[in-house]
Amino acid sequence: MCATVFGVGDDLYVNMTLLQNATAQGAVCLDGSPPAYYLHRGFDSGLSNWIVFLDGGGWCESISDCQGRKTTDKGSSKYMMNQTNFLGILHNTTKLNPDFYNWNKVWIGYCDGSSFTGDIDEVDPGQKLYFRGARIFKAVMDELWSQGMQNAKNAILSGTSAGGLATILNCDKFKFFFSGDVKVKCVANAGFFINANTISGTPNIHKKYQQVVDLHGSIKNLPPSCTSAMEPSLCFFPQNVISFIETPLFIINSAYDAWQINNTLVPSNLDPQHIWEHCKVRISDCTLSQRTTIKAFGTEFLKAFDGLTPCITRGYFITSCHTHEQIVKPEYWLSTSSPRIINKTIAEVVGDWYFDRTGFHQYMDSYPCAKDC
């Protein structure tokens with residue numbers, strides 16, 4: 001059973017559940033520990049509605065990198081918090097989450113380093129590493145099915161950062177768990193990582209994704225319609241894979257995403273003299289040259305959407321805010337200071353899109369920062 005403990009004010013703390021029986025299926029974290037999730041039960045009209053949220057936290061692309069994650073909550077459930085705070089799209093009040101407040105909500109811990117795509121039978125003999133992210137996803141879905149998700153009428157797969165990418169990559173798989181009469185959609189936040197070069201012109205993020213896909217055996221869990229059309233690691237990029245996804249998908253992102261500016265565009269190894277240090281923290285501290293470089297990245301980000309096939313069930317909320325991970329932060333999801341497009345917050349737009357109250361396909365592309373960032 002999953003108990004919920006209420007904190008002060010607007011806090012909603014939810015207890016962790018270890019999925020011990022998943023180990024029999026080989027569905028384990030990098031260190032071999034069982035996967036974990038946090039479940040807050042729905043109520044009233046939301047009893048048959050579900051939001052499944054995939055946690056983020058980057059990727060590990062080498063044995064040494066994954067070994068380092070084994071002693072953190074991103075590689076082992078042993079280090080995950082006993083409770084986590086449900087905010088934003090996961091909150092349970094009409095004030096902070098009017099459309100989804102009474103749904104069943106699940107937060108799945110991220111401990112595989114591959115955006116829930118890895119699946120290799122062999123265990124690394126030296127470091128005893130397990131690459132089983134896809135098995136974790138399936139094991140938790142099977143568990144939630146037995147917890148009542150088989151009675152769902154509405155369902156959303158969501159996530160942020162690496163979990164936002166996982167949402168995109170696993171969107172159709174999530175849909176296949178349900179019968180055709182269930183309304184299933186996916187909402188990916190801060191997961192639209194583009195295949196861009198660094199300030200020195202090197203393809204660091206593509207190389208990273210190649211290593212992730214190879215190390216974790218991710219190819220078998222990427223959409224085959226994409227991997228049959230291009231080199232598999234390219235299917236780790238949303239700009240290449242989204243056109244192959246059939247389930248309705250909503251993208252929430254910044255064209256000047258903080259993680260991508262800090263890692264894809266200006267990784268620390270390319271800034272040994274720390275010229276970009278203050279700029280990467282606050283764009284207002286950038287020089288004119290640095291602003292020009294960042295603006296060019298934003299232009300490239302928006303151009304990535306031009307290559308997507310048109311789709312009337314897809315929606316976008318693209319801000320110019322220098323931020324990352326927005327839907328579980330109340331100041332971005334729904335507050336007086338939230339970013340707005342045509343005077344609507346992220347929460348309002350996602351609700352309109354999910355419930356088909358209105359079509360929505362819109363960019364916010366002012367630079368360097370919209371007034372309500």
Side-chain angles (χ1 to χ4, degrees), residues 30 54 56-69 74-75 110-122 124 129-137 159-173 186 188 190-246 249 251 253 257 259-267 269-270 297 300-301 303-309:
L30 284 169
L54 304 176
W59 313 270
C60 60
E61 69 270 22
S62 67
I63 294 296
S64 60
D65 190 19
C66 293
Q67 180 68 6
R69 290 172 73 102
K74 301 306 177 188
Y110 177 46
C111 61
D112 66 272
S114 71
S115 285
F116 297 93
T117 64
D119 189 0
I120 292 181
D121 286 327
E122 297 79 14
D124 179 79
L129 288 167
Y130 299 77
F131 304 112
R132 308 281 179 76
R135 297 191 195 184
I136 291 174
F137 181 79
T160 189
S161 192
L165 175 59
T167 298
I168 296 169
L169 298 177
N170 288 286
C171 185
D172 282 344
K173 288 184 180 180
C186 302
F192 198 97
F193 299 93
I194 66 169
N195 189 7
N197 288 336
T198 67
I199 53 174
S200 65
T202 53
N204 284 25
I205 188 65
H206 184 202
K207 181 180 179 181
K208 183 182 186 75
Y209 280 179
Q210 284 179 316
Q211 293 172 329
V212 169
V213 169
D214 291 344
L215 180 65
H216 292 264
S218 299
I219 182 174
K220 69 182 74 171
N221 292 301
L222 299 174
S225 53
C226 181
T227 56
S228 63
M230 63 188 73
E231 193 269 312
S233 66
L234 291 174
C235 296
F236 225 64
F237 289 100
Q239 66 197 85
N240 296 324
V241 77
I242 281 179
S243 294
F244 297 98
I245 294 171
E246 299 178 358
L249 174 65
I251 301 295
N253 228 99
D257 178 78
W259 190 94
Q260 296 188 66
I261 297 298
N262 294 352
N263 295 275
T264 299
L265 182 64
V266 194
N269 66 300
L270 295 183
F297 178 89
E300 184 175 2
F301 182 94
K303 282 183 178 178
F305 286 81
D306 294 338
L308 302 181
T309 56

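Values below: every heavy atom of this structure, side chains too, minus hydrogens, waters and symmetry copies.
For the pair Ile194 and Phe237, the minimum side-chain heavy-atom distance is 4.5 Å or more. Contact of the Phe116 side chain with the Asn221 side chain is not registered, since no non-hydrogen atoms from C-beta on lie closer than 4.5 Å. The side-chain heavy atoms of Ile242 and Ile251, taken from C-beta on, include a pair separated by under 4.5 Å. Within the 4.5 Å cutoff, no side-chain heavy atoms of Ile120 are placed close to those of Arg132. Between Pro267 and Thr198 there is a side-chain heavy-atom pair separated by less than 4.5 Å. Contact of the Asn195 side chain with the Leu234 side chain is registered, since non-hydrogen atoms from C-beta on lie closer than 4.5 Å. Side-chain atoms of Leu165 and Tyr209, non-hydrogen and from C-beta on, do get closer than 4.5 Å to each other. Using a 4.5 Å cut-off on side-chain heavy atoms (C-beta onward), Leu129 and Gln67 make contact.
Within a 6.0 Å sphere centred on CD of Glu231, heavy atoms belonging to other residues, nucleotides or ligands number more than 12.
In this structure a side-chain-to-backbone donor-acceptor pair under 3.5 Å is missing from Asp112 to Ile136. Within the 3.5 Å criterion, the main-chain N or O of Ile205 finds no donor-acceptor partner in the side chain of Gln210. Asp257 places a side-chain N or O within donor-acceptor distance of the main-chain N or O of Gln260, the cut-off being under 3.5 Å. Of the possible polar contacts, none joining the Lys173 side chain to the Ala134 backbone as a donor-acceptor pair under 3.5 Å is found. Looking at Thr167, its side chain does come within 3.5 Å of a backbone N or O of Gly159 through a donor-acceptor pair.
Here the CZ-OG1 distance, from Phe244 to Thr227, works out to 9.0 Å after rounding to the nearest 0.5 Å. To the nearest 0.5 Å, atoms CG (Asp172) and SG (Cys186) are separated by 7.5 Å. The CD1 atom of Ile261 sits 5.0 Å away from the CZ atom of Phe297 when rounded to the nearest 0.5 Å. Atom-to-atom distance recorded for Asn240:CG and Leu308:CG is 9.0 Å, nearest 0.5 angstrom. With rounding to the nearest 0.5 Å, the separation of CZ in Arg69 from OG in Ser64 is 12.5 Å. In this structure, CG in Leu30 is found 7.0 Å from SG in Cys111, a value given to the nearest 0.5 Å.
Across all non-hydrogen atoms, the minimal contact from Asn253 to Ala190 is OD1-CA, 3.2 Å. Between Val241 and Pro223, the shortest heavy-atom distance links the atoms CG2-CG, 3.5 Å. For the residue pair Phe192 and Pro238, the shortest heavy atom distance occurs at CD1-CB, 3.6 Å. Taking each heavy atom of Tyr110 and Gly58 in turn, the nearest pair found is OH-O, 2.6 Å. Cys60 and Asp65 make their closest contact through CA-OD2, 3.1 Å (heavy atoms, listed as atom of the first residue, atom of the second, distance). In terms of heavy atoms, Leu270 sits closest to Ser200 at CD1-OG, 3.3 Å.
Checked by atom type, the side-chain pair Trp59/Ser115 shows a donor-acceptor distance below 3.5 Å. Residues Thr117 and His216 bring no donor and acceptor atom of their side chains to less than 3.5 Å of each other.
Legend: residues meeting ring pair (Phe, Tyr, Trp, His ring centres under 6.0 Å) with Tyr130, ordered by chain and number and at least two apart, are absent.
Screening residues 203-229 for salt bridge (Lys or Arg N to Asp or Glu O under 4.0 Å), with sequence neighbours left out, gives Glu61-Lys208.
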What do the steps show when you test Gln211 against Ser62 for side-chain contact (heavy atoms from CB on, under 4.5 Å), and what is the final call? CA-CA 7 Å; Gln211 293 172 329; Ser62 67; over 6 Å; no
